[in-house]
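In this text the structure is predicted, and so the values were computed from the model without any measurement.
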Amino acid sequence: MAEKQDSCSSPLSFDRNDFRLGTLEDELRVDRLLRDQLFRFYEQLLYDGLSPDKATLLTNGADYFLRDFVVAKMEKNIFDEVPGLVSKFAGNWYIVNTLDPDITELSGHLEGVAAFYRFLCSLGFISEGYLDNLILECAETGWYAGRIESFWAIKGDGYIAWERECSLKD
């Protein structure tokens with residue numbers, strides 16, 4: 001039986017610096033490492049008593065955020081404590097890069113993101129303060145729903161102003 005990881009003092013199986021990006025080779029290495037950690041997360045969810053269906057939904061939500069947005073788009077280490085990263089994902093990138101953005105689907109992704117970062121905190125990879133802020137960002141579904149609606153209402157050159165409200169630029 002797998003050992004439950006629920007303490008910030010749990011032994012670490014890798015170095016967080018292994019997730020640093022800089023080259024294409026780094027991105028490929030990080031992708032492999034991230035898949036391994038997502039599988040570990042999935043296994044922990046099952047150990048914690050979640051059904052395989054629910055564990056899969058949470059893992060897929062975290063996967064989409066981490067691999068497609070944090071690593072591929074933003075080129076960030078998943079352990080870097082970057083305030084506002086979830087808001088940039090949910091309030092801009094997801095909306096622009098999804099054929100039919102939907103708050104229900106987005107909420108599922110955000111639930112997976114929050115669960116994965118709780119897992120990271122339990123392993124000592126992120127601070128509790130960062131986790132608290134990230135969970136607050138994940139909970140802003142009303143604001144994200146408004147961003148989706150305002151995206152569909154863009155007329156003329158209104159995209160620039162819409163993007164500026166929640167920019168992907170640093």
Side-chain angles (χ1 to χ4, degrees), residues 2-8 10 12-14 16 19 30-152 165-168:
E3 181 179 323
K4 185 172 181 178
Q5 301 290 321
D6 61 0
S7 168
C8 286
S10 297
L12 306 177
S13 61
F14 55 87
R16 62 188 282 140
F19 287 78
V30 167
D31 187 68
R32 283 189 305 275
L33 290 169
L34 189 48
R35 280 191 317 243
D36 291 345
Q37 291 312 307
L38 287 162
F39 181 73
R40 185 175 178 194
F41 169 61
Y42 174 81
E43 290 291 316
Q44 184 65 50
L45 293 173
L46 294 177
Y47 181 84
D48 290 343
L50 268 65
S51 71
D53 288 344
K54 183 64 175 177
T56 297
L57 287 173
L58 292 175
T59 304
N60 286 342
D63 179 38
Y64 184 56
F65 172 75
L66 294 166
R67 292 175 62 207
D68 292 358
F69 180 69
V70 175
V71 173
K73 171 62 181 166
M74 301 303 287
E75 299 178 343
K76 302 281 185 197
N77 183 322
I78 66 165
F79 304 111
D80 289 346
E81 298 187 4
V82 180
L85 198 58
V86 170
S87 295
K88 288 180 180 193
F89 165 77
N92 185 320
W93 188 86
Y94 165 82
I95 298 166
V96 172
N97 289 283
T98 302
L99 185 59
D100 188 17
D102 175 76
I103 193 60
T104 302
E105 177 185 62
L106 177 58
S107 295
H109 293 314
L110 295 173
E111 185 180 359
V113 170
F116 185 77
Y117 276 88
R118 277 189 205 95
F119 173 71
L120 291 182
C121 185
S122 76
L123 296 173
F125 282 111
I126 62 164
S127 69
E128 288 183 25
Y130 181 68
L131 175 63
D132 291 343
N133 288 332
L134 182 134
I135 289 171
L136 289 174
E137 284 184 54
C138 287
E140 291 292 327
T141 55
W143 188 71
Y144 303 135
R147 291 283 296 162
I148 292 170
E149 289 175 22
S150 65
F151 177 75
W152 290 120
E165 288 178 23
C166 182
S167 182
L168 295 179

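In this structure, CG on Asn92 lies 8.5 Å from CG on Asn97, to the nearest 0.5 angstrom. Taking CZ from Arg147 and OG from Ser150, the interatomic distance works out to 5.0 Å, rounded to the nearest 0.5 Å. Atom CZ of residue Phe116 and atom CG of residue Leu38 lie 5.0 Å apart, to the nearest 0.5 angstrom. The CG atom of Leu66 sits 5.5 Å away from atom CD1 of Ile78, with the distance rounded to the nearest 0.5 Å. In this structure, Ile148 CD1 and Leu106 CG are separated by 5.5 Å, a value rounded to the nearest 0.5 Å. Note that OG1 of Thr59 and CZ of Phe119 are 9.5 Å apart. Values are rounded to the nearest 0.5 Å.
By the salt bridge (charged side-chain N to carboxylate O under 4.0 Å, His left out) test, Asp102 is found to be paired with no residue, residues two or more places apart in sequence or in another chain being considered. For the side chain to side chain contact (heavy atoms under 4.5 Å, CB included) test, no residue two or more places apart in sequence or in another chain qualifies with Asp36. Remark: Tyr94 engages His109 in a ring pair (Phe, Tyr, Trp, His ring centres under 6.0 Å) (not counting sequence neighbours). Legend: residues meeting side chain to side chain contact (heavy atoms under 4.5 Å, CB included) with Pro83, ordered by chain and number and at least two apart, are absent. Listed by chain and number, the residues in a side chain to side chain contact (heavy atoms under 4.5 Å, CB included) with Ala145 are Ile103 (sequence neighbours excluded). Every residue two or more places apart in sequence or in another chain that forms a side chain to side chain contact (heavy atoms under 4.5 Å, CB included) with Asp68 is listed here: Tyr64, Trp93.
Here the closest non-hydrogen pair linking Thr141 and Cys138 is CG2-O, 3.9 Å. Considering all non-hydrogen atoms of both residues, Glu81 and Tyr130 come closest at OE1-CB, 3.2 Å. Contact between Cys166 and Lys88 at its shortest, heavy atoms only, is SG-CA, 4.0 Å. Of all non-hydrogen atoms in Gly91 and Trp143, the two that sit nearest each other are CA-CZ3, 4.2 Å. Leu168 and Met74 make their closest contact through O-CE, 3.6 Å (heavy atoms, listed as atom of the first residue, atom of the second, distance). The shortest non-hydrogen separation linking Tyr144 to Ile95 is O-CD1, 4.4 Å.
Between Arg118 and Leu131 the shortest side-chain heavy-atom distance falls below 4.5 Å. At least one side-chain heavy atom of Val86 sits under 4.5 Å from a side-chain heavy atom of Val113.
The existence of a salt bridge linking Glu111 and Lys54 is confirmed by a sub-4.0 Å separation between a basic side-chain nitrogen and an acidic carboxylate oxygen. Of the charged side-chain nitrogens involved, at least one lies within less than 4.0 Å of a carboxylate oxygen, so that Asp63 and Arg67 count as a salt-bridged pair.
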Check your understanding: When you look at Glu43 and Phe39, which way does the side-chain contact (heavy atoms from CB on, under 4.5 Å) test go after all the steps?
Key -> CA-CA 6 Å; Glu43 290 291 316; Phe39 181 73; 3.2 Å; yes

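In the model, Gln44 has a side-chain atom that pairs as donor or acceptor with a side-chain atom of Asp48 under 3.5 Å. There is no side-chain donor-acceptor pair under 3.5 Å between Glu140 and Ser87.
Aromatic ring pairs are classed by plane angle as parallel below 30°, tilted from 30° to 60° and perpendicular above 60°; the pair Phe65 and Tyr117 is perpendicular.
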